[in-house]
Amino acid sequence: MDHIDHILIVDDDREIRDLVSSYLKKNGLRVTVAADGRQMRHFLDADRVDLVVLDVMMPGDDGLVLCRELRAGRHKATPILMLTARTDETDRIVGLEMGADDYLAKPFAARELLARIKAVLRRTRMLPPNLQVTELGQLLTFGEWQLDTVARHLLDREGTVVALSGAEYRLLRVFLDHPQRVLSRDQLLNLTQGREAELFERSIDLLVSRLRQRLRDDAREPAYIKTVRSEGYVLAMPVEITTARQ
């Protein structure tokens, strides 16, 4: 039997929940709705979904808080598409920095939401099965560095903390999840930002450059993140899991 994608809609607006749910169901998707974070958590504890559509402006825990919660827990690999009435570019960047895969401003056409959902799912699944983000331990050691995946910070040989931005952390985590394997720019875009590649054509190159600086890696002869001409980048170091995830 073919898999039917399961979409969770989290929005405090009942009319939007009903309209979106009806439209997505008519287009062959399985849909569950939640009015707030409490209902979202209750459902995710009992079932799995393929994508979460998450409204930003909600009473109690807003969408940004819930997005950060999802990305920090066992649902960190579940795609998230955020809805918002806000038009400020800063709000969109904050959402993406917290791990959202796409962002759609209200009001929106249901047809566009469906297209965005399909695009996010397609990007997520374009990777080979052995290139999916894995559940790793709390402390990842590579070369002279360690990444604490609970505190989300980088430690050098002396134990000094090196601060990472959200985007830098996600990129480093992708490399550590797939060490010594060449990753194309498209794959890195999909795993770290989840946006259409043409919109961020140079962002991965800039982000790799920033990450090399954090690792004190020589850009001309890098020891950690090496450039593979015409293919992408590779983390050249093996990775050791020194503390198991609880």
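What you see below is based on every heavy atom in this structure, not just the backbone, and it leaves out hydrogens, waters and symmetry mates. Because the structure is a prediction, the values reported are computed rather than measured.
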If you round to the nearest 0.5 Å, how far is NE2 of His75 from CG of Leu8?
10.0 Å
Side-chain heavy atoms of Phe175 within contact of Leu211, under 4.5 Å:
yes
With the side chain counted from C-beta on, respond yes when Val20 and Val33 share a heavy-atom pair under 4.5 Å apart, and no when they do not.
no
Closest heavy-atom pair and its distance - Gly232, Val182
N-CG1, 4.4 Å
Got a sec, which pairs hit ring pair (Phe, Tyr, Trp, His ring centres under 6.0 Å) with one end in residues 35-68, sequence neighbours left out?
His6-Phe43
Salt bridge or not between Asp5 and Lys118? Use side-chain N to carboxylate O under 4.0 Å.
no
With a 4.5 Å cut-off on side-chain heavy atoms, are Leu188 and Leu171 touching?
yes
Determine whether Leu44 and Leu70 make a side-chain contact, defined as any pair of heavy atoms from C-beta on separated by less than 4.5 Å.
yes
Sequence neighbours excluded, which residues qualify as salt bridge (charged side-chain N to carboxylate O under 4.0 Å, His left out) partners of Asp61?
Arg41
Verdict with reasoning, Gln213 to Val208, per side chain to side chain contact (heavy atoms under 4.5 Å, CB included)
CA-CA 9 Å; Gln213 292 177 27; Val208 166; over 6 Å; no
Please list all pairs meeting salt bridge (Lys or Arg N to Asp or Glu O under 4.0 Å) that have one or both residues in residues 219-231, counting only residues at least two apart or in different chains.
Asp218-Arg220
If you round to the nearest 0.5 Å, how far is CG of Leu19 from CG of Leu113?
11.5 Å
So how far is it from Leu29 CG to Leu51 CG, rounded to the nearest 0.5 Å?
9.5 Å
Does any N or O in the side chain of Asp217 come within less than 3.5 Å of the main-chain N or O of Ile225, such that one atom is a donor and the other an acceptor?
yes
Nearest heavy-atom approach of Trp145 to Leu155 is CE3-O, 3.3 Å
Do the side chains of Lys106 and Asp11 get close enough for a salt bridge, i.e. N-O under 4.0 angstrom?
yes
Note: Ile4 and Gly28 closest approach over all heavy atoms is CG2-O, 3.4 Å
Is there a side-chain contact between Val53 and Val10, using heavy atoms and a 4.5 Å cut-off?
no
Identify the two heavy atoms, one from Cys67 and one from Leu54, that lie closest to each other, and give their separation to 0.1 Å.
N-CD2, 3.7 Å
Note, Val234 side chain near Leu183 side chain (heavy atom, < 4.5 Å)
no
Working to the nearest 0.5 Å, report the span between NE2 of His153 and CG of Asp148.
4.5 Å
By salt bridge (charged side-chain N to carboxylate O under 4.0 Å, His left out) - contacts of Arg111 (at least two apart):
none
The side chain to side chain donor-acceptor pair (under 3.5 Å) partners of Ser209 (sequence neighbours excluded) come to none
Quick check against the 3.5 Å criterion: does Gln39 have a side-chain atom that pairs as donor or acceptor with the backbone of Ala35?
yes
Output, in order, the C-alpha distance, side-chain angles, deciding distance and verdict of side chain to side chain contact (heavy atoms under 4.5 Å, CB included) for Glu168 and Leu207.
CA-CA 7 Å; Glu168 290 165 354; Leu207 196 53; 3.9 Å; yes
Among residues two or more places apart or on two chains, list those pairs meeting salt bridge (Lys or Arg N to Asp or Glu O under 4.0 Å) that have a residue in residues 15-38.
Arg30-Asp47
Min side-chain heavy-atom separation Ile7-Thr32 under 4.5 Å:
no
Answer whether the closest heavy-atom distance between the side chains of Ile204 and Asp186 falls below 4.5 Å.
no
To the nearest 0.5 Å, what is the distance between CE (Met237) and CG (Leu176)?
11.5 Å
Separation between CE of Met82 and CG of Leu66, rounded to the nearest 0.5 Å
8.0 Å
Considering non-hydrogen atoms only, spot the tightest contact between Ala223 and Ala236 and give its length.
O-CB, 3.7 Å
How far apart are the closest heavy atoms of Val239 and Leu235, and which atoms are they?
CG2-CD2, 3.9 Å
Among Arg212, Arg210, Arg185, which residue satisfies the salt bridge (Lys or Arg N to Asp or Glu O under 4.0 Å) criterion with Asp205?
Arg185
